[in-house]
Amino acid sequence: MNIHEFQAKQVLARFGAPVPKGQVASTPHEAAAAFTTLGQPKAVVKAQIHAGGRGKAGGVKLVSSADEAREFAAKILGKPLITHQTGPQGRVVRRVYVEQASQIARELYLGMVVDRKAATVSIIVSSEGGMEIEEVAAKTPEKVISEPIDPLVGLASFQARKAAFALGLKDKQVNQFVALATSLYKAFWATDASLIEINPLVVTADGHVICLDAKMSFDDNGLFRHPEIRELRDPNEEDPAEIEASKYDLNYVHLDGTIGCMVNGAGLAMATMDIVKQAGAEPANFLDVGGGANAEKVAAAFRILLSDERVKAVLINIFGGIMRCDVLAEGVVEAARQVQLKLPLVVRMEGTNVDRGKQILKDSGIKVITANDMADAARRVVEAIGGRGANR
Ligand code: GDP
Ligand code: MN
């Protein structure tokens, strides 16, 4: 789960990280009032969407009066902002963050991520802040420094100092950076975060090291431990199909292909995606309906995967263990009737009550292409959309 910049800054501030003072606003009037409340000669008004690149896209503006804050807020609120991270449709700006302006002397980069290779959280720094870090890493990898953090020890101060020196920080700024990085790591650990990105981390004209931007992502599987973080979820920023799926406790991830997949068990779901690819098409989703799914849940899953307009055919691959094939078949029939299914449907099932399941499908009058095994199922579903490489 991702959260907005203003929320990330609130979370980080709770752990002692230095962030500029600010106030969130959802109307131009509120933006003007926020400027007045801050009581500073200058403020920045920043579009709050779950995407970076706002600066370049015109979503960040330095303002010097309440009127200017109101005007800029009126200009961007309620409209989509298109950045290099949003895709061509952009993301609608529903709130702006009005923040006291900082005078920037240097823009640096500081990140913390779950580093799968090192099997730890790693701290990443670069002197090239304010730009896309992916680009810096691709063009000048020597300018991106990464250091794994021992989970038992935490961020050691020698590591934080090393990062500070790599950033060219001196004197008091080294200590400020060490304190800042330490509070970020505490926040990361305490909230089950998966990413914290401060881009840019700035040295201000008067020599302070502060977080000028903040991005935080969390491990969804850890959210039950953090109700206060879970509350920060913004459904406007999420895929409606994924929100619907989470209501039914379905593990659904939207992808770009054309084969809608319904599978039980994460391992089988992964294998199904692989075999669809091998047969020459792309999966439209990952969907694990889970072991103990009932007909209602199966029907919901079916509706969700069909809500994707790119789906050209459906592949159901179920191994009935705890999940019984007859229950699955009932759910599929119910959902297929509800949505008046017109797409080709390939079903491969095996396991408990498989004969009864097949009979239910047969008696339903729904057109079903039955497959003998997984490879056969993949072949048939790819055939159904016009063969290998179709609809790419
Ligand atoms: P992003 O473009 O979505 O990553 O948004 P950022 O929060 O990183 O802001 C983009 C850029 O706006 C920064 O790199 C800064 O150059 C500029 N900016 C943001 N806040 C301030 C500020 O308080 N003062 C000044 N002078 N520039 C700012
Ligand atoms: Mn940024």
Side-chain angles (χ1 to χ4, degrees), residues 2-13 17-25 31 34-35 37-66 68-69 72-73 75-77 79-87 90-113 124-137 143-144 167 180 184 193 195-217 234 236-237:
N2 296 324
I3 59 175
H4 288 290
E5 173 198 6
F6 76 93
Q7 297 168 324
K9 282 177 169 167
Q10 281 163 5
V11 172
L12 295 177
V19 298
K21 268 209 194 80
Q23 220 172 304
V24 70
F35 183 96
T37 311
L38 286 173
Q40 300 288 325
K42 280 181 195 301
V44 272
V45 180
K46 307 179 79 176
Q48 297 299 292
I49 53 171
H50 285 190
R54 297 163 301 166
K56 274 191 200 147
V60 176
K61 187 160 194 258
L62 200 62
V63 298
S64 330
S65 69
E68 239 188 298
F72 182 64
K75 194 177 139 201
I76 61 171
L77 278 168
K79 290 182 208 98
L81 179 67
I82 303 166
T83 82
H84 67 89
Q85 286 186 2
T86 58
R91 287 194 164 277
V92 176
V93 181
R94 291 164 206 272
R95 281 177 287 190
V96 294
Y97 194 43
V98 184
E99 189 178 71
Q100 103 181 62
S102 309
Q103 270 193 296
I104 304 174
R106 293 185 64 203
E107 297 199 25
L108 311 168
Y109 176 94
L110 169 59
M112 287 183 190
V113 289
I124 300 167
V125 294
S126 174
S127 53
E128 307 298 300
M131 321 207 241
E132 258 181 89
I133 195 67
E134 290 81 3
E135 212 175 301
V136 179
K143 288 188 173 160
V144 179
L167 291 172
L180 186 152
L184 252 52
L195 170 109
I196 296 181
E197 193 172 56
I198 309 300
N199 190 19
L201 174 80
V202 302
V203 182
T204 61
D206 53 2
H208 292 287
V209 182
I210 60 168
C211 306
L212 201 71
D213 190 8
K215 175 178 177 179
M216 273 188 103
S217 309
D234 183 349
N236 290 316
E237 295 282 345

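Note that ligands are numbered from 1 as they come in the structure, with each ligand's atoms numbered from 1 the same way. Predicted, not measured: the structure shown is a model, and the values here were computed from it.
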Protein contact to [atom] [nearest heavy atom, distance to 0.1 Å]:
| atom | result |
| --- | --- |
| atom 7 (O) of ligand 1 | K46 NZ, 2.5 Å |
| atom 3 (O) of ligand 1 | R54 NE, 2.7 Å |
| atom 15 (C) of ligand 1 | E107 OE2, 3.7 Å |
| atom 19 (C) of ligand 1 | L212 CD2, 3.6 Å |
| atom 4 (O) of ligand 1 | D213 OD2, 3.1 Å |
| atom 11 (C) of ligand 1 | G55 CA, 4.7 Å |
| atom 27 (N) of ligand 1 | I104 CD1, 3.4 Å |

*Give the single entry among V60, V202, I210 that approaches atom 9 (O) of ligand 1 most closely by any heavy atom.*
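Looking at heavy atoms only, the winner is V60.
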*Can you tell which of G22, A205, A51, S102 gets a heavy atom nearest to atom 24 (N) of ligand 1?*
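The option holding the nearest heavy atom is S102.
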*So D234 and R94, salt bridge (Lys or Arg N to Asp or Glu O under 4.0 Å) or not? Walk me through it.*
CA-CA 11 Å; D234 183 349; R94 291 164 206 272; 5.8 Å; no
Is there a side-chain contact between [X] and [Y] in this structure, where contact means two heavy atoms from C-beta onward sitting under 4.5 Å apart?
| X | Y | result |
| --- | --- | --- |
| K46 | V60 | yes |
| Q40 | K21 | no |
| V44 | L212 | no |

Mark yes or no for whether [X], through its side chain, and [Y], through its backbone, hold a donor-acceptor pair below 3.5 Å.
| X | Y | result |
| --- | --- | --- |
| D213 | I198 | no |
| R106 | L167 | yes |
| Q85 | A51 | no |

*Looking at the Mn ion (ligand 2), is one of the N, O or S atoms of D213 less than 2.8 Å from it?*
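So D213 counts as coordinating the Mn ion (ligand 2), yes.
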Run the numbers for me: atoms of ligand 1, each under 4.0 Å from some heavy atom of [X], listed by number.
| X | result |
| --- | --- |
| A101 | 23 (O) |
| G52 | 3 (O) |
| P200 | 8 (O), 14 (O) |

*Starting from the C-alpha separation in whole Å, work towards a yes-or-no answer on side chain to side chain contact (heavy atoms under 4.5 Å, CB included) for Y97 and K9.*
CA-CA 11 Å; Y97 194 43; K9 282 177 169 167; 4.0 Å; yes
*ligand 1 versus E99: contacting region, heavy-atom distance under 4.0 Å*: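 Contact part for E99 vs ligand 1: neither.
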*Check each heavy atom of N199 against ligand 1 and say whether those closer than 4.0 Å belong to the side chain, the backbone, both or neither.*
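The part of N199 near ligand 1 is the backbone, not the side chain.
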*Has ligand 1 got any nitrogen or oxygen that is less than 3.5 angstrom from a nitrogen or oxygen of G53?*
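N/O-N/O distance under 3.5 Å: yes.
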_Pair F35, Q23 - check side chain to side chain contact (heavy atoms under 4.5 Å, CB included), show working._
CA-CA 8 Å; F35 183 96; Q23 220 172 304; over 6 Å; no
_Applying side chain to side chain contact (heavy atoms under 4.5 Å, CB included) to N2 and E237, what does each step give before you reach the verdict?_
CA-CA 9 Å; N2 296 324; E237 295 282 345; over 6 Å; no
_Name the residue from Q10, H50, R54 that meets the side chain to side chain donor-acceptor pair (under 3.5 Å) definition with E5._
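Only one option passes, and that is R54.
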_Tell me whether atom 22 (C) of ligand 1 lies less than 4.0 Å from at least one protein heavy-atom position._
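Answer yes: something from the protein, a heavy atom, is under 4.0 Å.
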